[in-house]
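So that we are looking at the same thing, I have put the structure below in structure tokens.
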Amino acid sequence: MLERIAAGDSNKLIARALDISPHTVKRHVANILDKLALASRGQAAAWWRTQV
């Protein structure tokens with residue numbers, strides 16, 4: 001999911017690609033941000049780019 005966030009995909013696009021609801025994507029994104037201690041999707045994208 002982080003790869004899709006880094007690519008700039010919206011929750012709706014991610015939900016379609018993974019065949020889950022946009023609300024589920026929203027919760028997953030929030031959990032990812034929390035676990036990585038990040039404040040935004042932009043920070044998550046930057047973090048992802050340093051890991052690949």
Side-chain angles (χ1 to χ4, degrees):
M1 190 174 296
L2 268 173
E3 184 175 7
R4 292 196 169 269
I5 292 170
D9 289 358
S10 66
N11 286 355
K12 191 174 184 179
L13 285 173
I14 295 170
R16 284 184 190 157
L18 300 177
D19 198 27
I20 57 178
S21 79
H23 178 73
T24 301
V25 173
K26 183 178 178 179
R27 291 302 322 142
H28 283 310
V29 171
N31 288 337
I32 289 168
L33 294 177
D34 187 48
K35 288 181 182 190
L36 295 176
L38 302 171
S40 69
R41 292 171 74 102
Q43 286 181 348
W47 181 89
W48 174 256
R49 288 186 193 102
T50 65
Q51 303 305 306
V52 211

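One is the number of the first residue; the rest follow in order along the sequence.
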(request) Indicate the atoms forming the closest heavy-atom contact of Asn11 with Arg41, along with that distance. (result)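 It is OD1-NH1, 2.5 Å.
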(message) Would you say Ile20 ends up clustered with Leu13 if hydrophobic residues are merged whenever their side chains have heavy atoms under 4.5 Å apart, either directly or through other cluster members?
(response)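 No: no chain of side-chain contacts under 4.5 Å links Leu13 to Ile20.
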(request) Return the minimal non-hydrogen interatomic distance between Ser21 and Ala15, and the atom names on each side. (result)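 Heavy-atom minimum between the residues: C-CB, 3.7 Å.
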(message) I'd like to check Met1 versus Ile14 (side-chain heavy atoms, cut-off strictly below 4.5 Å). Are they in contact?
(response)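 Sidechains of Ile14 and Met1: in contact.
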(message) For Gln43 versus Ala39, what's the shortest heavy-atom pair and its separation?
(response)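 So the two residues come closest at OE1-N, 2.6 Å.
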(message) Using every non-hydrogen atom in the two residues, find where Ala6 and Arg49 come nearest and quote the distance to one decimal.
(response)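 Looking at all heavy atoms of both residues, the shortest contact is O-NH2, 2.8 Å.
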(request) Answer with yes or no whether the hydrophobic clustering places Leu36 together with Ile5; edges join I, L, V, M, F, W, Y residues whose side-chain heavy atoms lie under 4.5 Å apart. (result)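 Same hydrophobic cluster.
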